[in-house]
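Report on the structure given below.
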Amino acid sequence: MKRTLATDVTGAKDEQVKLQGWVHSRRDHGGLIFIDLRDHTGLTQLTIRPEEVDKQVFAAAESIRDEFVIEATGTVQERDEELKNPHIATGDVEVVVQSLRVLNKAETPPIHIHGEDQSSEENRLKYRYLDLRREKMQLMLKKRAEMYKIIREYMEKNDFTEIATPVLANSSPEGARDFLIPSRLHQGKFYALPQAPQQFKQLLMVGGVHRYYQFAACFRDEDPRADRLYGEFYQLDMEMSFVEDGEEVREIIDPLISGLVKDFAGKTLQNDNIPRITYAEAMEKYGSDKPDTRFGMELVDLTEKLTDCGFGVFKKAIDDGGAVKAIAVPKQFSRSEIDKLTDLAKQEGAGGLPYMIVENGVATSSIAKFFSDDELATILETVGAKDGDTIFFGSDKRDKVNKVLGGMRSHLGNELGLKDPDVVAALWVIDFPFYEWDEKANKLDFGHNPFSMPKDGVEALEKEDKLSIVADQFDLVMNGYEASSGAVRNHNPEIMYRAFAALGYDAEYVESKFGAMLNAFKYGAPPHAGCAPGMDRIFMVLMGEDNIREIIAFPKNGSGVDVMMNSPSEIDPEQLKELGL
RNA sequence: GGGCUCGUGGUGUAGCACGGUUAACACGCCUGCCUGUCACGCAGGAGAUCGCCGGUUCAAAUCCGGUCGGGCCCGCCA
């Protein structure tokens with residue numbers, strides 16, 4: 001007898017079929033029992049009539065409970081018109097059961113398997129194997145595989161070679177905390193799980209690999225977030241040799257992203273040609289290096305226009321070389337809402353949150369009296385505020401103003417529902433600064449990582465103002481999430497030494513940290529560039545989720561604990577002893 | 001490390017600001033009835049020392065202190 005899938009029964013009318021799956025629900029009418037059988041394809045209704053089966057079979061049907069694993073054989077029959085159920089795919093037919101076998105029993109499930117997330121995440125993670133039976137999670141697993149297939153085909157078509165790099169690697173001096181693995185053979189020494197296969201992929205370029213890619217597992221021991229998994233994640237790690245301009249990398253990725261958004265996810269790509277904006281522009285307009293551009297509410301600079309204004313707070317900021325900027329928000333807020341927003345601004349480092357309300361073409365508020373009518377009119381015009389809008393101001397050092405108003409913009413974009421879930425706004429933020437100022441350590445540090453190429457070559461590194469040096473380094477941003485970073489790599493040891501020298505590190509230090517790579521570069525390293533789109537996060541955006549745990553089979557919770565497997569766990573003293581620990 | 005927030009039958013919540021009978025509702029579970037349901041229906045039932053510890057009080061799910069756990073955010077992280 002033919003083994004049939006739940007959703008294939010429609011095409012098997014009047015045929016004898018055998019189905020295997022789980023009991024999704026059971027409706028016992030006494031003299032007639034319906035069972036919705038669920039397998040990985042969907043649901044089919046089994047109908048058990050006492051006149052058509054043995055007594056034992058009917059008794060079995062009576063004793064069956066939800067989530068039992070069963071095997072049923074029977075005949076597919078078209079339902080009478082009035083009995084058809086348009087809500088399920090197989091609702092036109094039913095399987096009239098002849099025999100029934102319980103393959104396994106099931107206790108009452110501790111989470112709801114029907115419908116949308118009706119159980120706490122805590123329980124869902126603890127019983128993930130049950131959670132995965134849910135339609136939504138099944139879809140996530142299948143779509144993820146589909147996405148991988150699309151990407152793999154695209155990369156192969158573009159001459160990329162899939163190569164695996166070691167998972168037992170070395171601790172890297174920069175960046176995130178490492179996961180360390182004690183060596184048994186070399187006691188006192190450690191491997192580390194790679195934060196990314198960065199050095200390996202660059203060494204592949206030196207090794208003559210033209211274009212490389214892999215779905216690389218990356219490991220970082222940093223606190224998780226809603227959009228950041230704890231411990232491990234996957235990126236489409238890729239690198240191209242003989243590329244000296246980051247644009248070439250972006251042009252490879254563009255069609256892939258475009259296809260994933262439109263064809264794979266069925267969403268609208270905001271701009272068919274994925275825009276490029278500089279880091280500086282992103283910070284000025286959106287106050288963020290990963291702006292969500294599905295909505296406007298851009299930051300407007302008022303510094304020039306308010307140099308002589310009578311409002312002491314603004315005046316002082318401007319006199320101190322800072323900036324005054326504003327955003328117009330299409331809503332009037334209550335006093336308590338303003339208070340909450342003010343708290344938010346303060347968390348971002350602002351002293352307060354000055355605002356004006358626009359009514360009848362006039363800006364009013366407690367601070368309005370400090371401005372001339374001309375200045376008020378200029379503010380309205382420059383900010384582009386309309387009646388019913390609220391204008392929020394920031395005044396401080398330029399960086400801080402951008403940060404505060406950028407945080408406000410992002411927050412309000414959510415609050416006011418300005419983020420269209422059917423649209424994906426993708427953009428490249430390019431020209432990241434090579435160095436940045438580390439406020440805490442009060443010293444210069446690398447912006448992203450030390451492996452990037454300064455944009456105007458070695459000479460650029462000699463600039464007096466180190467903070468103005470731009471790297472050929474870029475991020476892909478999707479709906480306000482950082483989806484990828486990438487760069488033209490530094491393949492020249494000289495530049496590497498100089499880049500570190502500017503931070504006060506000598507050649508010895510550089511050699512001790514990056515010896516293998518520096519050494520390799522001496523033997524003819526081709527120029528190369530690449531990027532590493534984060535698969536989990538991109539998939540999350542494509543699926544319209546805002547919690548990255550929703551799209552992963554077995555995520556750890558917010559404390560880095562696998563509540564299902566109970567990892568991390570204590571270890572047998574014998575194992576420790578063997579490692580010399 | 002810090003801030004905010006949540007913790008009540010198997011599951012999800014209400015009750016808590018203002019302490020006071022038997023802790024309520026929905027889903028699920030159990031028993032019985034039911035031959036066309038698909039959120040099946042009907043009747044009945046079981047199931048919770050309200051995360052834990054301590055305090056205040058005649059009396060604590062409710063107030064106070066502490067602690068543990070979850071979630072979001074900052075720090076951190078590309």
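Because the structure is a prediction, the values reported are computed rather than measured. Reminder, nothing fancy here: chain letters follow the sequence lines and each chain counts from 1.
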Problem set entry | A/T47 side chain near B/U37 phosphate (N/O to OP1/OP2, under 4.0 Å) | no

For this session: Please tell me which of the listed nucleotides, B/C72, B/C38, B/C27, lies nearest to the side chain of A/N547?
Result: B/C72

Exercise. Between B/C38 atom P and A/E82 atom CD, what is the distance in whole Å?
Worked result: 14 Å

For this session: Check whether any side-chain N or O of A/S559 sits under 4.0 Å from OP1 or OP2 of B/G69, and answer yes or no.
Result: no

Exercise. What is the nucleic acid contact for A/Q45, judged by heavy atoms within less than 4.0 Å: base, sugar-phosphate only, or nothing?
Worked result: base

For this session: Assess the side chains of A/T75 and A/Q98: does a donor N or O sit below 3.5 Å from an acceptor N or O?
Result: yes

For this session: May I ask you to say what A/D343 touches in the nucleic acid, namely base, sugar-phosphate or nothing, with a heavy-atom cut-off under 4.0 Å?
Result: nothing

Exercise. Within the structure shown, what part of the strands sits under 4.0 Å from A/R228 by heavy-atom distance: base, sugar-phosphate, or nothing?
Worked result: base

For this session: Hunt down the Watson-Crick or G-U wobble partner of B/C27, both distances under 3.5 Å, from any strand shown, or write none.
Result: B/G10

Problem set entry | A/R144 charged N/C atom sitting above A/F539 aromatic ring, 6.0 Å / 45° | yes

Seminar exercise, completed: To the nearest angstrom, the NZ-P distance between A/K340 and B/C4 comes to 14 Å

Problem set entry | 5' precedence on RNA chain B between A/Q473 and A/K556 (nearest-nucleotide basis) | A/K556

For this session: Determine whether any donor atom in the side chain of A/R225 lies under 3.5 Å from an acceptor atom in the base of B/G71, or the reverse, and answer yes or no.
Result: no

Problem set entry | Considering all heavy atoms, the nearest A/V404-A/G349 contact | CG2-C, 4.4 Å

Problem set entry | C1' gap between B/G69 and B/U8, integer Å | 15 Å

Exercise. Within the structure shown, what part of the strands sits under 4.0 Å from A/N557 by heavy-atom distance: base, sugar-phosphate, or nothing?
Worked result: sugar-phosphate

Exercise. Mind checking the C1' distance from B/A23 to B/G70? Whole angstroms is fine.
Worked result: 24 Å

Seminar exercise, completed: RNA chain B nearest-nucleotide lookup for A/L125 and A/G31: closer to the 5′ end is A/G31

For this session: Could you tell me which nucleotide pairs with B/G54 by Watson-Crick or G-U wobble geometry, both distances under 3.5 Å, or answer none if nothing does?
Result: B/C64

Exercise. Hey, does A/R65 reach any base, or is it just sugar-phosphate, or nothing, if we go heavy atoms under 4.0 Å?
Worked result: sugar-phosphate

Problem set entry | Is_stacked (A/H29, B/C40) at 5.5 Å, 30 deg | yes

Exercise. Has the side chain of A/R26 got a donor or acceptor that lies under 3.5 Å from a partner of the other kind on the base of B/C38?
Worked result: no

Seminar exercise, completed: Whole-Å distance, A/E135 CD to B/C38 C1', equals 15 Å

For this session: Classify the nucleic acid contact of A/G486 as base, sugar-phosphate or nothing, counting any heavy atom under 4.0 Å across all strands shown.
Result: nothing

Exercise. Base, sugar-phosphate, or nothing for A/N123, non-hydrogen atoms under 4.0 angstrom?
Worked result: sugar-phosphate

Exercise. Which nucleotide in the set B/C77, B/U37, B/G69 lies at the smallest distance from any side-chain heavy atom of A/E222?
Worked result: B/C77

Exercise. B/U67 and B/A26: how far apart are their P atoms, nearest whole angstrom?
Worked result: 39 Å

For this session: Specify the separation, in whole Å, of atom CZ of A/F58 and atom P of B/C34.
Result: 10 Å

Problem set entry | Distance, P atom - from B/G10 to B/G54, rounded to whole angstrom | 23 Å

Seminar exercise, completed: Atom CD of A/E436 and atom C1' of B/C77 are separated, to the nearest Å, by 12 Å

Exercise. Expressed in whole Å, how much space separates the C1' atoms belonging to B/G47 and B/A24?
Worked result: 15 Å

For this session: Determine whether any donor atom in the side chain of A/R124 lies under 3.5 Å from an acceptor atom in the base of B/U11, or the reverse, and answer yes or no.
Result: no

For this session: Indicate syn or anti for B/A17, taking the glycosidic torsion and treating anything within 90° of 0 as syn.
Result: syn

Problem set entry | Length of the line joining A/E107:CD and B/U11:P, which is rounded to integer Å | 13 Å

Exercise. Do A/R250's NZ or CZ and the ring of A/F474 fall within the cation-pi criteria of under 6.0 Å and 45°?
Worked result: yes

Problem set entry | B/U62 and B/C29, which share atom name C1', separated by this distance in whole Å | 30 Å

For this session: Could you measure between the two P atoms, the one in B/G20 and the one in B/C77, and give it in whole Å?
Result: 50 Å

Exercise. Nearest-Å distance, CD1 (A/I48) to P (B/U37)?
Worked result: 16 Å

Exercise. Yes or no on side-chain contact (heavy atoms from CB on, under 4.5 Å) for A/R124 and A/R134, after CA distance, side-chain angles and deciding distance?
Worked result: CA-CA 11 Å; A/R124 291 179 51 210; A/R134 297 167 56 234; 3.3 Å; yes

Problem set entry | Candidate nucleotides B/C34, B/G71, B/G1, ranked by approach to the side chain of A/D28 - the nearest | B/C34

Problem set entry | With sequence neighbours excluded, residues passing ring pair (Phe, Tyr, Trp, His ring centres under 6.0 Å) with A/Y148 | A/F215

For this session: Scan A/Q235 against the nucleic acid and name what it touches under 4.0 Å (heavy atoms): base, sugar-phosphate only, or nothing.
Result: nothing

For this session: Hunt down the Watson-Crick or G-U wobble partner of B/C4, both distances under 3.5 Å, from any strand shown, or write none.
Result: B/G71

Exercise. Judged by modelled atom types alone, do A/D475 and A/Y279 share a side-chain donor-acceptor pair under 3.5 Å?
Worked result: no

Exercise. What nucleic acid atoms does A/E51 come within less than 4.0 Å of, heavy atoms only: base, sugar-phosphate, or nothing?
Worked result: base

For this session: Hunt down the Watson-Crick or G-U wobble partner of B/U21, both distances under 3.5 Å, from any strand shown, or write none.
Result: none

Seminar exercise, completed: What one should report as the nearest heavy-atom pair of A/F392 and A/L341 is CZ-CD1, 3.6 Å

Exercise. Base, sugar-phosphate, or nothing for A/S484, non-hydrogen atoms under 4.0 angstrom?
Worked result: nothing

For this session: Mind checking A/I111 for me? I need base, sugar-phosphate or nothing, with any heavy atom below 4.0 Å counting as a touch.
Result: nothing

Problem set entry | Check: A/W428/A/D254 side-chain N/O donor and acceptor closer than 3.5 Å | yes

Exercise. Nearest to the side chain of A/R549, which nucleotide is it out of B/G71, B/C73, B/U37?
Worked result: B/G71

For this session: With C1' as the reference atom in both, quote the distance from B/C42 to B/C34 in angstrom, rounded to an integer.
Result: 8 Å

For this session: Please report, rounded to the nearest Å, how far the C1' atom of B/U35 is from the CG atom of A/D80.
Result: 13 Å

Exercise. Which part of the nucleic acid does A/G175 contact within heavy-atom distance under 4.0 Å: base, sugar-phosphate only, or nothing?
Worked result: sugar-phosphate

